2 protein chains.
Amino acid sequence: MRTLHELKEPEKTLSADPSARRGIPDATVARLPEYLRALTGFAERGITSVSSEELAAAAGVRSAKLRKDLSHLGSYGVRGVGYEVDHLAYQISRELGLTQDWPVAIVGMGNLGHALAAYSGFATRGFRVVALLDQDTVLHEQEIAGLPVQPMEALPSLVTDQGLAIGVIATPAASAQSVCDQLVAAGVRSILNFAPCVLVVPEGVDVRKVDLSTELQILAFHEQRKSLAAQGALDAVAEAVSR
Amino acid sequence: MRTLHELKEPEKTLSADPSARRGIPDATVARLPEYLRALTGFAERGITSVSSEELAAAAGVRSAKLRKDLSHLGSYGVRGVGYEVDHLAYQISRELGLTQDWPVAIVGMGNLGHALAAYSGFATRGFRVVALLDQDTVLHEQEIAGLPVQPMEALPSLVTDQGLAIGVIATPAASAQSVCDQLVAAGVRSILNFAPCVLVVPEGVDVRKVDLSTELQILAFHEQRKSLAAQGALDAVAEAVSR
DNA sequence: GTGACTTTGTGCATCGGTTCACAAAGGCGT
DNA sequence: ACGCCTTTGTGAACCGATGCACAAAGTCAC
């Protein structure tokens with residue numbers, strides 16, 4: 001497995017970079033968007049300064065965790081006072097790469113793709129839907145949310161002309177891998193997958209998965225456990241009474 | 001904070017239960033649905049037996065992790081052979097609580113709620129959408145995907161009459177907490193939240209969050225890092241050449 | 001029946017993430 | 001100007017999850 005090892009080399013080299021703010025833990029990155037959202041909320045209410053305690057409460061985490069997370073970005077707080085809302089929001093935005101706009105394409109114009117295309121949450125923060133795609137030729141020429149539905153063949157030019165970097169897959173599971181392959185072939189290296197299946201991609205391509213069904217099943221597990229616990233408690237009471 | 005302590009007591013009592021298959025790690029639970037999906041795929045192709053290696057590949061994990069995960073449910077494999085597809089699928093289903101049907105209600109009939117109501121993935125495995133709700137009286141009397149849109153006041157009877165246990169929130173962020181409170185008040189203890197905000201709920205209620213925007217921001221972070229890395233590599237080459 | 005072979009289940013080392021607790025750092029009142 | 005008080009940033013302990021490597025356990029061929 002020499003190839004794998006060699007692929008990791010450049011990263012190692014980079015970590016020797018003097019501007020090395022390398023290695024923000026994944027768990028931290030996953031929470032930064034929530035912090036950013038909380039900060040935006042404070043800003044909208046005209047609050048200019050928050051303590052780690054307040055911000056943590058708004059984001060639903062412990063203050064120690066928040067402080068450790070933020071410490072990975074740098075030292076943007078003032079001891080005895082807290083964090084300046086605007087400044088911290090900017091720093092997090094910059095770290096997440098939201099100071100630039102990311103062109104996004106949505107593939108698959110079924111129910112979900114339709115809803116995603118119309119979803120305003122995209123535009124609000126750093127993302128811009130530049131194209132809607134579908135394999136079904138019947139949908140082409142049609143307009144959804146002000147954008148024409150294009151064939152998959154449009155992909156390469158979208159990447160080179162529009163700088164497309166992020167693809168959203170909203171197709172049925174059966175076509176997801178094929179669509180994914182086409183995205184990757186066109187040069188897209190970040191994919192958000194709504195199809196309930198595992199995508200296999202080459203090294204260097206990121207895939208994140210959002211899956212309704214999985215989330216519901218996890219809820220069901222806990223729900224069942226709660227039911228069993230309630231039943232168990234009843235049994236215990238019954239036994240205690242009968243004794 | 002005595003109350004909190006007392007609330008945890010029944011659980012402790014249960015863990016002393018002889019049939020204690022307690023404490024399946026959260027990380028494992030989160031992967032079980034994927035294993036189940038992979039197994040269903042094998043079953044559909046008529047494959048009756050798989051090794052941990054094959055199943056792990058299909059689920060996108062390492063075989064050691066798969067085996068350790070499965071070991072938490074019991075010893076359902078046969079050494080030297082592998083796992084019997086149907087049997088393992090049944091065991092996982094049972095563990096996840098999918099041998100019964102879970103009634104689900106979707107609140108918020110905007111774009112997303114609409115798409116979710118029409119999503120067939122719900123019905124496929126253990127879940128049944130029993131009600132669609134919206135605060136907007138204009139939508140009532142309307143039918144979506146064969147179900148009438150009901151007012152929030154219908155909640156209590158849904159819980160008692162239909163055994164509603166899982167609520168899906170697909171409203172804008174502004175109304176999400178209010179809707180959540182109403183769900184909890186009606187007795188719903190498991191909530192899937194699509195609104196981009198933190199929900200505060202009492203002890204004993206589970207909330208899972210699905211957030212587009214967050215996922216995109218995480219992708220953007222990695223994408224930016226990739227761009228920077230590419231730029232860094234170019235710079236390094238340029239420097240090497242100029243020297 | 002026996003031995004070789006395959007694959008599971010798991011003990012152990014390791015790693016990343018969380019929590020705790022406190023020293024360092026700064027503002028603010030007097 | 002000075003000391004008190006608040007809040008950050010972080011070292012260290014802790015905890016859960018992952019990866020490794022192998023003994024145990026079973027099948028299958030002969």
Side-chain angles (χ1 to χ4, degrees), chain A residues 1 4-5 8 11-12 15 21-32 34-35 38-39 42 47-85 87-88 91-92 95 218 221-222, chain B residues 1 4 8 15 21-32 34-35 38-39 42 47-85 87-89 91-92 95 218 221-222:
Chain A
M1 279 295 153
L4 215 73
H5 189 250
K8 284 196 177 165
E11 207 171 62
K12 215 185 211 170
S15 74
R21 196 175 53 276
R22 287 261 120 200
I24 297 181
D26 285 348
T28 295
V29 173
R31 283 186 293 266
L32 290 181
E34 197 59 56
Y35 300 156
L39 285 168
F42 282 117
I47 295 166
T48 60
S49 174
V50 286
S51 69
S52 64
E53 205 66 54
E54 295 166 320
L55 184 53
V61 299
R62 297 258 166 219
S63 64
K65 196 190 274 189
L66 171 77
R67 287 200 300 278
K68 180 144 289 190
D69 282 343
L70 294 184
S71 76
H72 287 117
L73 321 187
S75 217
Y76 298 126
V78 179
R79 291 171 193 236
V81 177
Y83 302 88
E84 211 253 308
V85 172
H87 183 60
L88 185 55
Q91 292 299 341
I92 294 179
E95 196 63 53
I218 295 170
F221 171 83
H222 293 293
Chain B
M1 276 296 151
L4 214 74
K8 285 196 176 163
S15 74
R21 194 176 56 275
R22 288 260 122 201
I24 296 181
D26 284 349
T28 294
V29 173
R31 283 186 294 267
L32 290 181
E34 197 60 56
Y35 300 156
L39 284 169
F42 282 117
I47 296 166
T48 60
S49 172
V50 287
S51 68
S52 64
E53 205 67 56
E54 295 166 321
L55 184 52
V61 299
R62 297 259 165 219
S63 65
K65 196 190 277 190
L66 172 77
R67 287 201 301 277
K68 182 148 291 195
D69 282 344
L70 294 184
S71 77
H72 287 115
L73 321 188
S75 217
Y76 299 125
V78 179
R79 294 172 191 233
V81 177
Y83 301 88
E84 210 252 308
V85 172
H87 183 61
L88 185 56
Q91 293 298 342
I92 294 179
E95 196 64 51
I218 295 170
F221 172 83
H222 293 294

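Residue numbering restarts at 1 for every chain, and letters A, B, ... go by the order of the sequence lines. Just so you know, these numbers come straight off a predicted model, no measurement behind them.
Straight-line distance from the CZ atom of A/R31 to the C1' atom of C/dG17: 8 Å, rounded to whole Å. One atom, CD of A/E84, and another, P of D/dT8, lie 14 Å apart when rounded to the nearest Å. One interatomic measurement links the two molecules: CG of B/D26 to C1' of C/dT18, which rounds to 14 Å at whole-angstrom precision. The nearest whole Å value for the distance from the CG atom in A/D69 to the C1' atom in D/dT8 is 14 Å. Atom NZ of A/K65 and atom P of C/dC20 are 11 Å apart (whole Å). The CG atom of A/L73 sits 12 Å away from the P atom of D/dT10 (whole-angstrom rounding). For the pair B/H72 NE2 and C/dT8 P, the interatomic distance rounds to 17 Å; values are reported in whole Å. Put simply, CD1 on B/I24 is 12 Å from P on D/dA17, counting in whole angstrom units.
The side chain of A/K68 has D/dG11 as its nearest neighbour among D/dG11, C/dC20, C/dG17. Residue B/P25 places its side chain closer to D/dA17 than to any other of D/dG9, D/dA17, C/dT10. When each of D/dT10, D/dG19, D/dT18 is scored by its nearest atom to the side-chain atoms of B/R62, the top-ranked nucleotide is D/dG19. Checked against D/dA17, C/dG17, D/dA21, the side chain of B/R67 finds its nearest nucleotide in D/dA21.
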Nucleotide by nucleotide, nucleotides 24-30 of chain C touches protein heavy atoms under 4.0 Å in the pattern (B base, S sugar-phosphate only, - none) BBSS---
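Considering CZ of A/R67 and OH of A/Y83, their distance stands at 7.0 Å, rounded to 0.5 Å. Within the model, atoms CG of A/D26 and NE2 of B/H222 stand 5.0 Å from one another, a figure rounded to the nearest 0.5 Å. For the atom pair B/S63 OG and B/L70 CG, the distance stands at 11.0 Å (nearest 0.5 Å). Going from atom CD1 of B/I47 over to atom OG of B/S49 covers 9.5 Å, rounded to the nearest 0.5 Å. With rounding to the nearest 0.5 Å, the separation of CD1 in B/I92 from CG in B/L88 is 4.0 Å.
Remark: A/S51 is not in phosphate contact with D/dT7, judged by side-chain N or O atoms under 4.0 Å from OP1 or OP2. The side chain of B/Y76 contributes no N or O atom lying less than 4.0 Å from OP1 or OP2 of C/dT7.
Not a single donor-acceptor pair under 3.5 Å links the side chain of B/E34 to the backbone N or O of B/R31.
B/S75 comes within contact range of the sugar-phosphate backbone alone, with a heavy-atom separation under 4.0 Å but no base atom that close.
Minimum heavy-atom separation, B/Y76 to B/H87: CD2-NE2, 3.7 Å.
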